[in-house]
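Nothing here was measured: the structure is a model prediction, and the numbers come from that model. All chains are named by letter (A, B, ...) in the order of the sequence lines, taking the proteins before the strands, and each is independently numbered beginning at 1.
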Number of protein chains: 2
Amino acid sequence: MTSKRPTIDDVARVSGVARVTVSRVLNGGPNVRDEVRARVMQAVEQLDYKVNPQARSLAGGASRLLAFVFASDPENDPNSYYESALELGALRACLALGYQVLVQNVPDQTPDYRKRVLDLITTQRCEGLILSPPYSDDVGLIEAVLAQGCKVVTVSPGGPGRGTTDGVGVDDEAGGYDLTRELLRLGHRRFGFIAGLEGHLSADRRLKGFWRALEEQGLGERDCVVLRGDFTFRSGTHLAPQLLDHPLKPTALVCANDDMAAGVLSAAHARGLNIPGDLSITGFDDAPVAAIVWPPLTTVNQPVKVLGQRAVELLVSRLNGVNSTPEPIFQQLEHAVVSRQTTGLA
Amino acid sequence: MTSKRPTIDDVARVSGVARVTVSRVLNGGPNVRDEVRARVMQAVEQLDYKVNPQARSLAGGASRLLAFVFASDPENDPNSYYESALELGALRACLALGYQVLVQNVPDQTPDYRKRVLDLITTQRCEGLILSPPYSDDVGLIEAVLAQGCKVVTVSPGGPGRGTTDGVGVDDEAGGYDLTRELLRLGHRRFGFIAGLEGHLSADRRLKGFWRALEEQGLGERDCVVLRGDFTFRSGTHLAPQLLDHPLKPTALVCANDDMAAGVLSAAHARGLNIPGDLSITGFDDAPVAAIVWPPLTTVNQPVKVLGQRAVELLVSRLNGVNSTPEPIFQQLEHAVVSRQTTGLA
DNA sequence: CGCTTCCATGGAAGCGCTTCCAATTGCCGG
DNA sequence: CCGGCAATTGGAAGCGCTTCCATGGAAGCG
């Protein structure tokens, strides 16, 4: 066992000042002479003193705890790059800002999901929440959290979530549009689209952008078959046949994320199709899997890790009062079409 | 803002007992009459009281905080299923046990990595650490942590780590052996092997099992080219040419994990090779990517999520004194060869 | 020069909980 | 009927920190 850790009183004694003064120095408070500040810092150094975060939050009433809530069920979707990357970005930012982040998986089919989320605030004393889709558009949930005095930042809100609280994300609609333009340029005129889960509004915006690009070319609903998947590889493989065998005979299959696109690709391989010769396939996100499959997948890059990081920064700026704009802020980051090898001439 | 949260004193007042008694009930202490216990629980219910974890750990001297430390650099290896799955398993187990887990990424090339890890104990007050490779075999680090009075469980220790503290893992050596037996059965006699990073001893055990299987068939060093990768997809694609162009002309490439195998597969596709007709490829871990690539990868399954969960359970059982066996415990879980479609007759 | 004002510091209280120890009760054998 | 012991409860102290308020001195002002 270790000898006991030094406390703030030890520092105070060694540096010959009162406990409050040490506290002031530690928290960057004003009204401390430079000489005293230096003396305290030296004592801190000498004793290898670290504040006790538990004591600090008990006394100060601030836990410096954030929570990252995600919905995807890892049993069903074991590979969710999106969530891991968000988390990682959040973790990084927290480290820099002196906050901690609790990661919480709350499958959204859970009947008491709202209670589960609110428990993070009551039980763990979280001061801020990062909500990823589909929670980022669950206005009821967001308002319930806000009502508890807990700040919220949403990741990729698709609509209603945006007006309610701060958020970060890319322009999904523009992403879908840009990607589709590229497909149209390659001569494709008949499409299949695998959309995401109901309620994931940001994913639906991708579809909206897709339609807009089609309409600009005078194309419409009769030129595309739309199906809904659940973002998993498996749903891609399951849904592909319906698209491939459809009388419309699509020449390009557009998927709302990369995992489903990888599933479609796999199903296409199983049929002996030549990609992109016989069929073009696109994803969304630019997850690692996009570069791993063969041939590498054309997709839309979004900086997911940065999204997680920005979410934390936004949250913390609200918490420490640096930012107190009354209206919600939405930080939009850049997306980019990444043309790889699953797309070719129609 | 919320009205203030109820405290233990509120519960005491409502249930008409002293604060200590409430504390006893909350912590499942002995010597409380059933009638009183029920009364307290009812008050807790009625007030929707939740203990304040910060206050509890300050008073009780136990933070109920664990940390999960992993080394892989996510910039370089953006897809590490292994770490995410361990984390998820740990998270799940913690939720059930009332502990919290801090996730910490400490790249092992960091010069002050040891300090970074020890800081988790001093700064965050963690009571237990989960160390994944290669830290699981860093005896110096483990002992330094132990010396601070912090418990340690290692994940997949490959050798030295095992005798030092508790651990969980599969029998990597047997996994490598079983997989290789399968390859030999298919008639392969000339091999390429992409090993993992230096210092990842559990990954090296896979190679050891591989050799053992070869020796049983009277094969040896001259029948296999061995290279070292870094577990990433990219290192698989980079290393593949050296193996494919080697005068030995290997008919099967064995990789220490799935990502590298996926890289090799991709490189093989780029050359127009027919898999498994021209070449067999195997991975290790049975990560999601193994099922996603085309053709799906033959590999060895290890229950990574369960590993993470067991690690936490082991740690907690040490912390609360349920388990106080003096010698280190190693929990070995089952592995299984998963034959998919990247392996065929030589 | 007496007054206010500002700066730098310290004293005391208390955050919500657990732990240590003392007090009370009921019940035993002798 | 009494000392003793276990079961049950409560009082008080204190974990390590921040916050509120008081203090003393230096500086500013007419």
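- Side chain of A/Thr123 to main chain of A/Leu120: no donor-acceptor pair is present (N/O by atom type, distance under 3.5 Å, no hydrogens or angles).
- Rounded to whole Å, atom P of C/dG11 lies 11 Å from atom CG of A/Asp9.
- Rounded to whole Å, the distance from CG on A/Asn52 to P on C/dG16 is 17 Å.
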Please write out each protein N/O paired with an N/O of nucleotides 18-22 of chain D under 3.5 Å, distance rounded to 0.1 Å.
| unit_1 | atom_1 | unit_2 | atom_2 | d |
| --- | --- | --- | --- | --- |
| D/dT18 | OP1 | A/Asn27 | OD1 | 3.4 |
| D/dT18 | OP1 | A/Asn27 | ND2 | 2.9 |
| D/dT18 | OP1 | A/Arg56 | NE | 3.0 |
| D/dT18 | OP1 | A/Arg56 | NH2 | 3.4 |
| D/dT18 | OP2 | A/Ser23 | OG | 2.6 |
| D/dT18 | O4 | A/Arg19 | NH1 | 3.2 |

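- Checked against B/Leu86 for a side-chain contact (heavy atoms from CB on, under 4.5 Å), the options B/Val304, B/Val168, B/Ile130 give a single hit: B/Val304.
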- Item | Derivation of the side chain to side chain contact (heavy atoms under 4.5 Å, CB included) call for B/Leu66 and B/Val316 | CA-CA 9 Å; B/Leu66 310 180; B/Val316 171; 4.3 Å; yes
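- Here the side chain of A/Gln104 pairs no donor or acceptor atom with the backbone of A/Val117 at under 3.5 angstrom.
- One interatomic measurement links the two molecules: CZ of A/Arg5 to P of D/dC15, which rounds to 16 Å at whole-angstrom precision.
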- Task: Any chance you could lay out the side chain to side chain contact (heavy atoms under 4.5 Å, CB included) test for A/Leu47 and A/Arg13, step after step, and finish with the verdict?
- Result: CA-CA 11 Å; A/Leu47 294 172; A/Arg13 196 172 324 111; over 6 Å; no
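- Taking atom CD on B/Gln54 and atom C1' on C/dG14, their separation rounds to 16 Å, with Å as the unit.
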- Message: For a side chain to side chain contact (heavy atoms under 4.5 Å, CB included) check, start with the C-alpha distance between B/Glu83 and B/Val103, then their side-chain angles and the critical distance, and finish with the verdict.
- Response: CA-CA 10 Å; B/Glu83 270 86 7; B/Val103 179; over 6 Å; no
- Message: Walk me through whether B/Ser136 and B/Val155 qualify under side chain to side chain contact (heavy atoms under 4.5 Å, CB included).
- Response: CA-CA 6 Å; B/Ser136 38; B/Val155 176; 5.6 Å; no
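- Phosphate proximity of C/dG10 to A/Thr21: present, with a side-chain N or O under 4.0 Å from OP1 or OP2.
- If you measure from atom CG of A/Asp10 to atom P of D/dC17, you get 9 Å, rounded to the nearest angstrom.
- Taking a 6.0 Å sphere around CD of B/Gln42, one finds it holds 12 or fewer heavy atoms contributed by other residues, nucleotides or ligands.
- Listed for the B/Arg318 side chain is a donor-acceptor partner under 3.5 Å among the backbone atoms of B/Thr325.
- Both B/Arg39 and B/Leu58 lie near DNA chain D, and the one whose nearest nucleotide falls closer to the 5' end is B/Arg39.
- Checking the phosphate oxygens (OP1, OP2) of D/dT8, a side-chain nitrogen or oxygen of B/Asn31 falls inside 4.0 Å.
- Summary of helix geometry: the two end axes of the helix from C/dC1-D/dG30 to C/dG30-D/dC1, each defined by five base pairs via their C1' atoms, are inclined to each other by 40° (rounded to 10°).
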